[in-house]
Amino acid sequence: QYGTAGFRTNAKVLDHIMFRMGLLATLRSKKTKATIGVMVTASHNPEEDNGVKLVDPMGEMVTPTWEGYATQLANAEDDDLLMALKDIIAKEEINMSQEAHVFVGRDTRSSSASLSQAVLEGVSSLGGLNKDYGLVTTPQLHYMVCCQNTRGKYGEATVEGYYKKLCQAFIKLIKNASNCTDDQKHLSLDGANGIGALKVREMESHLGKELQISLYNDGSNGKLNYQCGADFVKVQQKPPTGLEIKPGERCCSFDGDADRIVYYYSDSEGKFHLLDGDKIATLISTFIKELLTQAGLNVNMAVVQTAYANGSSTRYLEETMKVTVKCTKTGVKHLHHVAQEFDIGVYFEANGHGTVLLSKSVEDKIQQLIDSPNSDDEKKRAALLLQNTINVVNQTVGDAISDMLLIEAILAIKGMTVQQWDAIYTDLPNRQLKVKVADRRVIDTTDAERRALSPAGLQDAIDALVKKYSLARSFVRPSGTEDVVRVYAEADTQESADALAHEVSLAVYRLAGGVGDEPKPLH
Ligand code: 16G
Ligand code: MG
């Protein structure tokens with residue numbers, strides 16, 4: 001199945017899927033009369049895996065109907081492939097004489113070169129024209145597709161153009177950071193031994209001395225995503241191997257295709273502190289809200305989260321920052337779509353995938369303020385900062401490089417240390433567990449996955465368990481990427497969160513047909 005983020009499995013069985021996704025991208029291009037992207041990557045999965053994601057004309061994830069076609073094509077027997085193609089062509093009324101253009105990119109996995117070759121062959125066998133970008137991050141490919149289809153309005157469709165746009169905006173932002181010491185300009189970066197590390201190296205010359213990056217896990221000897229990278233750090237709640245973490249120093253990790261980022265530091269007692277997607281969303285939305293106030297702009301802004309967002313972050317945003325918070329189902333495309341409904345939508349998953357979307361009308365209002373002879377200096381300064389914020393952001397999809405530049409600029413402008421950022425609110429202790437069941441589809445959820453509709457009795461059981469603890473919350477959902485049911489629990493103490501997660505796991509095991517041994521308590 002074309003899952004939450006495309007096909008992903010062991011690289012050895014992917015040849016035909018890649019070829020067929022080349023075919024499908026070509027059809028999609030003919031249908032939309034626009035350039036389509038195909039990215040070969042399995043993100044944070046182990047090196048042995050690979051995968052493929054399709055990118056729609058505005059740099060978005062492909063639409064659900066076409067995800068369905070992707071699944072059909074991937075599963076067709078060789079002999080039925082032509083029929084499956086004809087079926088899509090008929091359903092979508094595709095004009096086969098229409099030109100097609102496909103951009104292809106790949107990550108650093110050893111299997112990626114030949115798999116992307118299979119995509120290219122798929123494209124050319126339907127007469128499509130391709131451009132092979134070779135090694136790029138996932139968000140870079142999304143960016144290229146958007147630039148191409150907006151005829152350069154969003155930027156130039158080259159990797160060099162991407163660096164220029166982002167870095168120039170970053171440097172303009174950082175000029176507003178008076179008294180920023182060299183110490184504050186330093187960042188330790190874990191590149192997950194992947195494409196992000198390579199691309200940060202490439203970009204460095206565009207940054208001048210404004211950001212000094214010590215790059216670890218740059219792929220020169222370590223294994224991709226192995227005990228490093230954003231997913232490892234977030235799930236294990238510990239620093240990656242291969243990165244020297246000095247007390248108080250700001251560090252960050254990318255994932256294997258550089259569309260996720262998390263920050264962290266260790267305090268003077270050696271305790272590890274993680275700043276995840278929720279903390280990032282809070283920092284960015286606070287910064288933007290302050291600028292909007294200074295600029296005298298009244299626009300509707302929201303932060304979009306999933307059920308995994310720490311309860312403290314939601315409370316802080318709603319009660320202290322007075323920002324609208326929306327909750328959606330897990331998966332970037334869901335957050336992206338809700339964020340689009342607002343003038344400004346800041347979306348982040350707790351795992352570190354996210355970006356900022358700004359409507360054209362907000363961009364126009366900001367430009368008017370900059371151009372108007374009547375705006376006072378404070379308003380103009382705020383408007384310029386907002387404009388450069390927009391330019392440093394990759395609005396097509398969450399982008400670790402772009403998010404990193406924005407976060408670094410905000411911290412410098414606010415004169416904020418990573419500890420001060422962390423102290424904005426305190427995360428509630430939480431625990432995530434997985435439960436194996438015979439068929440995870442027996443779990444049906446509602447209310448952005450926060451409540452279970454089936455199996456019968458499960459939600460009542462969860463409600464009763466949650467009541468036993470203070471500041472507690474728990475939910476379960478079938479994973480979209482693994483054959484398991486995921487359990488999330490948070491509460492006022494780690495002991496309570498762990499106990500609640502275990503008790504809810506037991507309820508899932510008993511009511512949803514658990515297989516194997518019963519879940520054991522964590523302590
Ligand atoms: C995919 C999604 C990510 C989501 C995760 C959930 C994209 C690009 N990635 O990695 O957003 O958080 O799946 O996995 O959409 P799960 O369903 O196994 O919990
Ligand atoms: Mg990724």
Side-chain angles (χ1 to χ4, degrees), residues 1-9 37 39-46 49-56 59-64 67 105-109 112 136-142 191-197 199 224-225 228-235 253-262 276-278 281 304-309 327-339 347-355 394 396-403 432-436 440-441 443 445 448-449 475-488:
Q1 193 171 5
Y2 190 97
T4 324
F7 295 105
R8 216 180 272 187
T9 186
M39 180 71 195
V40 176
T41 179
S43 185
H44 58 273
N45 282 40
D49 285 358
N50 217 322
V52 57
K53 317 189 214 192
L54 298 186
V55 181
D56 249 2
E60 296 154 287
M61 312 258 168
V62 75
T63 59
E67 287 185 356
R106 63 171 198 268
D107 72 9
T108 54
R109 287 178 161 79
S112 291
V136 282
T137 69
T138 298
Q140 284 177 333
L141 188 76
H142 283 253
N193 291 314
I195 184 69
K199 295 293 145 177
L224 178 70
N225 296 330
C228 62
D231 195 64
F232 173 86
V233 172
K234 167 77 182 158
V235 174
S253 285
F254 288 6
D255 76 334
D257 63 340
D259 65 354
R260 275 162 65 169
I261 183 169
V262 294
D276 63 3
D278 303 336
V304 186
Q305 306 183 315
T306 71
Y308 288 107
C327 185
T328 72
K329 280 164 69 172
T330 301
V332 172
K333 59 189 172 205
H334 302 296
L335 289 101
H336 194 92
H337 284 140
V338 174
Y347 75 81
F348 268 89
E349 287 194 306
N351 65 25
H353 185 117
T355 186
N394 180 352
T396 63
V397 77
D399 181 336
I401 290 181
S402 147
D403 290 337
Q432 288 192 46
L433 297 174
K434 357 181 185 182
V435 185
K436 266 220 145 307
R440 68 192 198 278
R441 288 172 300 182
I443 308 254
T445 64
E449 305 178 321
F475 66 90
V476 303
R477 54 176 283 277
S479 159
T481 64
E482 245 186 286
D483 190 14
V484 294
V485 175
R486 297 204 193 280
V487 172
Y488 177 89

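Order of appearance sets the numbers: ligands from 1, and atoms from 1 within every ligand.
Of all protein heavy atoms, the one lying nearest to atom 9 (N) of ligand 1 is A5 CB, 3.6 Å. From the protein, the heavy atom lying nearest to atom 6 (C) of ligand 1 is T330 CG2, 3.6 Å. For atom 13 (O) of ligand 1, the nearest protein heavy atom (residue, atom name, distance) is T481 CG2, 3.5 Å.
Between the OG atom of S43 and the OD2 atom of D255, the angle taken at the Mg ion (ligand 2) works out to 90° after rounding to 10°.
By the criterion of a heavy-atom distance under 4.0 Å, neither the backbone nor the side chain of K333 is placed next to ligand 1. Contacts with ligand 1 closer than 4.0 Å are made by heavy atoms of both the backbone and the side chain of V332.
For the pair D403 and F348, the minimum side-chain heavy-atom distance is below 4.5 Å. Looking only at side-chain heavy atoms (C-beta outward), T396 and P139 stay at 4.5 Å or farther from each other.
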Under the side-chain hydrogen bond (donor to acceptor under 3.5 Å, both in side chains) rule, what do D259 and T137 come out as? Steps first, then yes or no, please.
CA-CA 8 Å; D259 65 354; T137 69; over 6 Å; no

Start with the C-alpha gap between R8 and D49, add the side-chain angles, then the distance that decides, and say whether salt bridge (Lys or Arg N to Asp or Glu O under 4.0 Å) holds.
CA-CA 7 Å; R8 216 180 272 187; D49 285 358; over 6 Å; no

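Here Y488 contributes atom OH and T306 contributes atom OG1; the two are 9.0 Å apart, rounded to the nearest 0.5 Å.
Between N351, T4, D255, it is T4 that holds the heavy atom closest to atom 2 (C) of ligand 1. The option with the heavy atom closest to atom 3 (C) of ligand 1, from among H353, E349, R260, is E349.
Of the polar atoms of M61, none of the N or O atoms is found under 3.5 Å from an N or O of ligand 1, judged by distance alone.
Ligand-side atoms of ligand 1 in range of R486: 16 (P), 18 (O), 19 (O), range being under 4.0 angstrom from any heavy atom. For ligand 1, the atoms lying closer than 4.0 Å to a non-hydrogen atom of R477 are 16 (P), 17 (O), 19 (O).
Sorting the N, O or S atoms of D257 by how far they are from the Mg ion (ligand 2) puts OD1 first.
Taking every heavy atom of both residues into account, A192 and G256 meet most closely at CB-N, 4.3 Å. The minimum heavy-atom distance linking C327 with A448 is given by the pair O-CB, 3.6 Å.
Between H353 and Y347, the ring-plane angle classifies as parallel under the 30° and 60° cut-offs.
Within the coordination shell of the Mg ion (ligand 2), defined by N, O or S atoms under 2.8 Å, T138 is absent. With 2.8 Å as the limit, D259 counts as an N, O or S neighbour of the Mg ion (ligand 2).
No salt bridge links K234 with E349; every basic N to acidic carboxylate O contact stays at or beyond 4.0 Å.
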